[in-house]
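The sequence lines fix the lettering, A, B, ..., with proteins before strands; numbering per chain opens at 1.
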Protein chains: 2
Amino acid sequence: MRISAKCDYACRALTALAKEWPNKKPIQIHMISQSQDIPMRYLVHILIQLKGLGLVTSTRGKAGGYALLRAPKKITLAEVMRKVCGPLLPRASSAAKSESVFATIWKELEGAMSKVLENITFDDILKKAKGIDGAINYHI
Amino acid sequence: MRISAKCDYACRALTALAKEWPNKKPIQIHMISQSQDIPMRYLVHILIQLKGLGLVTSTRGKAGGYALLRAPKKITLAEVMRKVCGPLLPRASSAAKSESVFATIWKELEGAMSKVLENITFDDILKKAKGIDGAINYHI
DNA sequence: TTATACTTTACTATGTTTATCAACATAGTA
DNA sequence: TACTATGTTGATAAACATAGTAAAGTATAA
């Protein structure tokens, strides 16, 4: 089991947008791509999805780009993960088998994950990032 | 993010074997396939992997088959998941990016999952399954 | 009108899941 | 020993999902 690249990218992209909150100026795709080291051509699709999910808004034309639709404090990792990565349960579980022991266990596991992710907002992530960047100072 | 069918199958197969513990007689692949509703040709490969991981043993020839190598009580879901499904972290995370905020968060998440899974042994699963089978009585 | 940046569609590459088949190993029997 | 039924092992390939690329289309500020 793995967190997909797409999910990781989506979270990192949202972090980049959260950094600018509540500025009015939108951020261009290539900026996000550079700062977060995400393949630009792929990021395009992810941002469109995030827009469809009601997490970000977009502006076209010159000085266009993307911006958060809500305050970072109001966006939890749980919401993003659920929307972008989908549920934890295996696809194959049929109706009959949904009564199986493991259906119960996987749901229990999903609950434990949610508990952790509900308590992390993108405001928290910004604070954590500042700590790491300050200590290591890796980026230019 | 999803629990792969393979992981789900592996757990169900181990449950089928756990039911027979500590009988001496090995269980054939087609028996496991039938009772757990797992595609037989695929199950073959999963069992070979489980054998390589030191979870089960196999006997060839007439009356051959598979059996657990340890008591169900001594096998946790955490061990199986870690071995079969691999780590939670996204593959793409490079060395530089491993210092990223999300690398930390994904590890935290993995820890929360482990805590749940460490506390579930295949003995527990057998008991749960009995409860469900007894109540619903779905299988022939 | 024009440059710019988002939007949409189509395509390629890679990896995972599942199915098929031939080769090999073992136990029982004569 | 040789034969045979039964079952494991391993290689290969089709079907599908994911990850990433490319380029033409569309909206908007200047």
Practice task
Kindly say if Thr59(B) contacts the phosphate of dT6(D), meaning a side-chain N or O under 4.0 Å from OP1 or OP2.
Solution key: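 No, Thr59(B) has no side-chain N/O under 4.0 Å of OP1/OP2 on dT6(D).
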Handout entry: Short side-chain N/O contact to dG20(D) OP1/OP2 from Tyr9(A), under 4.0 Å
Key =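 It does, given that an N or O in the side chain of Tyr9(A) lies less than 4.0 Å from OP1 or OP2 of dG20(D).
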Problem - pair Thr15(A)-Val101(B): side-chain heavy atoms closer than 4.5 Å - result: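 Sidechains of Val101(B) and Thr15(A): no contact.
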Exercise for the section: Report yes if the side chains of Leu69(A) and Val56(A) come closer than 4.5 Å at any heavy-atom pair, otherwise no. Expected result: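 Not touching, per the 4.5 Å side-chain cut-off.
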Exercise for the section: State which of dT8(D), dT18(C), dG7(D) makes the closest approach to the side chain of Ser58(B). Expected result: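 Out of dT8(D), dT18(C), dG7(D), the nucleotide with an atom closest to Ser58(B)'s side chain is dT8(D).
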Exercise for the section: Look at the side chain of Lys6(A) and decide which nucleotide, out of dA19(D), dC6(C), dT18(C), has an atom nearest to it. Expected result: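 The answer is dA19(D), which lies nearest to the side chain.
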In Å, rounded to the nearest 0.5 Å, how long is the span from [atom1] of [X] to [atom2] of [Y]?
| X | Y | atom1 | atom2 | result |
| --- | --- | --- | --- | --- |
| Met81(B) | Cys11(B) | CE | SG | 6.0 Å |
| Trp106(A) | Ile3(B) | CH2 | CD1 | 4.5 Å |
| Leu77(B) | Leu109(A) | CG | CG | 9.0 Å |

Problem - Parallel, tilted or perpendicular: ring planes of Phe102(B) versus Phe122(A), cut at 30 and 60 degrees - result: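 Rings of Phe102(B) and Phe122(A): tilted, 30 to 60°.
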Between [atom2] on [N] and [atom1] on [X], what's the gap in Å once rounded to a whole number?
| X | N | atom1 | atom2 | value |
| --- | --- | --- | --- | --- |
| Arg60(A) | dT28(D) | CZ | P | 7 Å |
| Lys62(A) | dT4(C) | NZ | C1' | 7 Å |
| Tyr42(A) | dT9(C) | OH | C1' | 16 Å |
| Tyr66(A) | dT7(C) | OH | C1' | 7 Å |
| Leu43(A) | dA5(C) | CG | C1' | 13 Å |
| Arg2(A) | dT18(D) | CZ | C1' | 10 Å |
| Arg41(A) | dC11(C) | CZ | C1' | 13 Å |
| Lys25(A) | dT4(C) | NZ | P | 16 Å |

Handout entry: Sidechain-backbone polar pair: Thr76(A) side chain, Thr121(A) backbone, donor-acceptor under 3.5 Å
Key =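 No, because the side chain of Thr76(A) does not come within donor-acceptor range (under 3.5 Å) of the backbone of Thr121(A).
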Exercise for the section: Can you tell me which residue pairs pass the salt bridge (charged side-chain N to carboxylate O under 4.0 Å, His left out) test with a partner in residues 73-85 of chain A, sequence neighbours excluded? Expected result: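 Counting only pairs at least two positions apart or across chains, the salt bridge (charged side-chain N to carboxylate O under 4.0 Å, His left out) contacts touching residues 73-85 of chain A are Arg70(A)-Glu79(A), Glu79(A)-Lys83(A), Arg82(A)-Glu118(A).
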Practice task
Name every residue in residues 45-54 of chain A that has at least one heavy atom under 4.0 Å from any atom of DNA chain C, in order of residue number, or write none if there are no such residues.
Solution key: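 Here the set is His45(A), Ile48(A), Lys51(A).
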Exercise for the section: Under 3.5 Å for both distances, Watson-Crick or G-U wobble, that's the pair rule; now give the dot-bracket for DNA chain C, with | marking pairs to another strand and [ ] for crossing ones. Expected result: ||||||||||||||||||||||||||||||
Handout entry: Test salt bridge (Lys or Arg N to Asp or Glu O under 4.0 Å) applied to Lys127(A) and Asp123(A), step by step
Key = CA-CA 7 Å; Lys127(A) 283 174 193 161; Asp123(A) 199 51; 3.5 Å; yes
